[in-house]
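What's counted below: heavy atoms across the whole structure, side chains too, no hydrogens, waters or symmetry copies. Index from 1, following the sequence.
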Amino acid sequence: MSKIWIIIQREFMTRVKKKSFILLTILMPFIFAALIMVPLMLATIEGDEQKTVMVVDKTGRYVGSLKSTANYAFVPTADNKDEFYTEDSEVEAVVQITADLAKNPTAVTIYSPREVKAELLSYVETCLGEQVRREKLSAYNIPELETIIADIQTDFHIATVKRNAEGDETSSNTYIAMTAGFIFTFLIYMFVMSYGGMVMQSVMEEKTNRIVELMVSSVKPFQLMMGKIIGVALVGFVQLAIWGVMLSIILLVCGSVFGLSTAPAVPAVAGADAQMAAVAQQAGGGEAAEIMSALMGLPYAELGIMFVLYFVGGYLLYASFFAAVGASINAQEDSSQFIMPVVLIMVFGLYAAMYSAENTNGPLAFWASIFPLTSPIVMMVRIPFGVPWWEEVLSLGLLFATSMAFVWISARIYRVGILMYGKKPSLREMLKWVRWR
């Protein structure tokens with residue numbers, strides 16, 4: 001055990017002292033924060049230039065429905081002139097209506113010297129569609145039509161609530177639950193892929209440099225493999241912890257400086273949901289209160305515990321495989337035939353998680369969250385929606401049992417492959433190494 005600890009220390013210290021690790025650890029939170037904050041800041045900036053849109057309405061019935069906005073000024077004109085499309089023209093686009101849209105919906109065209117902006121297209125479609133609808137209703141000669149239309153156009157929002165057999169209720173939000181699940185899913189996917197590849201790269205470097213020949217004279221191959229796997233895992237945990245702390249601080253500072261609310265919700269303690277929801281109701285209105293209550297209603301304790309367990313199980317499973325591959329090959333290009341199936345399985349797990357979010361209790365979601373090679377990725381999407389405890393226990397049991405089996409098989413391959421040079425091994429040869437005494 002002491003030898004494994006020495007290898008863990010060496011792997012950990014060697015990697016955290018690298019300039020690339022330090023730079024990536026420091027810069028990545030700022031990059032993440034920029035990806036979050038910049039779109040929020042840009043969304044609050046409104047253009048101060050009002051673009052001109054000429055309206056050629058041959059019918060004279062629709063030009064009044066196109067009201068000018070802060071971004072577009074709609075100006076009536078008799079003809080669609082060529083001067084509107086010159087380089088020095090201030091005309092953004094020309095809306096031309098040639099016939100009654102109620103009878104001929106295709107009698108409207110937007111001309112522009114460049115691609116028509118989605119915002120303008122959507123606004124014109126909405127305004128003209130509303131006018132056509134009003135004209136069709138007017139044909140029925142219904143008294144007080146405007147009042148009736150105003151009355152029937154009532155927006156409503158359906159609240160969703162989770163309730164248990166004891167009658168306890170907490171607000172829920174499907175999209176918040178999906179987002180929370182996807183965040184943990186992508187973290188596991190990225191961690192396993194990046195740090196699993198790091199294990200393989202480390203093994204290959206030592207094998208290529210023949211350093212491993214000296215190391216195996218003092219330690220067993222299994223100890224060397226486990227030391228590398230655990231050492232790289234600790235590097236990943238430390239890096240993720242630093243990223244989490246730095247990103248939280250950066251977002252809080254940016255939110256206070258620029259007036260943007262980006263602070264994550266704090267998990268609610270037992271019995272505090274109603275009180276906090278009432279406070280949020282007074283502070284930010286009904287919709288904001290519902291979102292806050294839904295955030296507090298997420299099973300944070302379960303998410304955190306299960307995330308760590310699947311994190312460890314998934315990494316142990318795939319990292320041991322990557323270590324065995326790194327010990328068996330002699331060059332980076334030889335790894336593709338062994339790594340590609342694993343990558344495809346993980347990509348399948350990622351897509352299964354995306355599609356399972358729509359039906360977290362469906363056959364795809366259930367079996368993909370039980371199958372050990374995809375369960376670390378798919379199960380995290382299901383947990384915010386509620387998963388029976390026996391499914392979690394079964395999934396974790398199969399995952400760790402498979403991980404231990406992979407570690408044993410990988411160790412058998414590692415002890416032989418680490419000292420093999422020259423010929424690229426086939427899968428059949430690697431299976432023979434497992435049976436060697």
Any side-chain heavy-atom pair of [X] and [Y] under 4.5 Å:
{"X": "K81", "Y": "V94", "value": "no"}
{"X": "V235", "Y": "E11", "value": "no"}
{"X": "L373", "Y": "M346", "value": "no"}
{"X": "S403", "Y": "L399", "value": "yes"}
{"X": "V75", "Y": "V55", "value": "no"}
{"X": "M404", "Y": "L316", "value": "yes"}
{"X": "R114", "Y": "E92", "value": "yes"}
{"X": "F311", "Y": "L240", "value": "yes"}

Is the F74-Y123 ring centre distance short of 6.0 angstrom? yes
Does Y195 have its ring centroid less than 6.0 Å away from the ring centroid of Y315? no
For side-chain contact (heavy atoms from CB on, under 4.5 Å), just list the numbers for L317 and T402, CA-CA rounded to whole Å, side-chain angles, deciding distance to a tenth of an Å, and then say yes or no. CA-CA 7 Å; L317 189 153; T402 306; 3.8 Å; yes
Can you name the nearest heavy-atom pair linking [X] to [Y], along with the distance?
{"X": "M379", "Y": "E391", "answer": "CE-O, 4.1 Å"}
{"X": "A323", "Y": "V199", "answer": "CB-CG1, 3.8 Å"}
{"X": "L66", "Y": "C127", "answer": "CD2-CB, 3.7 Å"}
{"X": "M54", "Y": "V91", "answer": "CG-CG1, 3.7 Å"}
{"X": "A353", "Y": "F182", "answer": "O-CE2, 3.9 Å"}
{"X": "G349", "Y": "I377", "answer": "O-CG2, 3.7 Å"}

Hey, are R382 and S369 close enough side-chain-wise for a donor-acceptor pair under 3.5 Å? yes
Looking only at side chains, do Y72 and T52 share a donor and an acceptor under 3.5 Å apart? no
Looking at [atom1] of [X] and [atom2] of [Y], how far apart are the two atoms once the value is rounded to the nearest 0.5 Å?
{"X": "L247", "Y": "I242", "atom1": "CG", "atom2": "CD1", "answer": "13.0 Å"}
{"X": "D88", "Y": "E83", "atom1": "CG", "atom2": "CD", "answer": "10.0 Å"}
{"X": "I345", "Y": "L350", "atom1": "CD1", "atom2": "CG", "answer": "14.0 Å"}
{"X": "I26", "Y": "F21", "atom1": "CD1", "atom2": "CZ", "answer": "9.5 Å"}
{"X": "S320", "Y": "I413", "atom1": "OG", "atom2": "CD1", "answer": "9.5 Å"}
{"X": "R15", "Y": "I22", "atom1": "CZ", "atom2": "CD1", "answer": "14.0 Å"}

Can any side-chain N or O of [X] pair as donor or acceptor with the backbone N or O of [Y] at less than 3.5 Å?
{"X": "S248", "Y": "G244", "answer": "yes"}
{"X": "S122", "Y": "A118", "answer": "no"}
{"X": "W243", "Y": "T25", "answer": "yes"}
{"X": "S375", "Y": "I370", "answer": "no"}
{"X": "S65", "Y": "Y62", "answer": "yes"}
{"X": "T374", "Y": "A368", "answer": "yes"}

Could you go through N71 and T69, starting from their C-alpha distance and side-chain angles, then the distance that decides it, and tell me whether this counts as side-chain hydrogen bond (donor to acceptor under 3.5 Å, both in side chains)? CA-CA 5 Å; N71 295 328; T69 66; 5.3 Å; no
Hey, is CE on M190 packed in by over 12 heavy atoms from elsewhere, all under 6.0 Å? no
For F12, is the CZ atom crowded, meaning more than 12 foreign heavy atoms sit under 6.0 Å from it? yes
For S410 and M225, run side-chain contact (heavy atoms from CB on, under 4.5 Å): C-alpha distance rounded to whole Å, both residues' side-chain angles, the deciding distance at 0.1 Å, then the answer. CA-CA 9 Å; S410 298; M225 186 187 77; 4.1 Å; yes
Show, in sequence, the C-alpha distance, side-chain angles and deciding distance for V95 and V56, and conclude whether the side-chain contact (heavy atoms from CB on, under 4.5 Å) test is met. CA-CA 6 Å; V95 179; V56 182; over 6 Å; no
For the residue pair Y318 and F322, does the interplanar ring angle fall in the parallel (under 30°), tilted (30 to 60°) or perpendicular (over 60°) class? tilted
Could you label the plane-to-plane angle of the Y85 and Y111 rings as parallel, tilted or perpendicular, counting under 30° as parallel and over 60° as perpendicular? perpendicular
Any carboxylate oxygen within less than 4.0 angstrom of a Lys/Arg side-chain nitrogen, looking at K51 and E90? no
Test side-chain contact (heavy atoms from CB on, under 4.5 Å) applied to V378 and W367, step by step: CA-CA 9 Å; V378 179; W367 291 111; over 6 Å; no
Go through the steps for T109 and Q96 under the test side-chain hydrogen bond (donor to acceptor under 3.5 Å, both in side chains), then give the verdict. CA-CA 5 Å; T109 306; Q96 180 168 293; over 6 Å; no
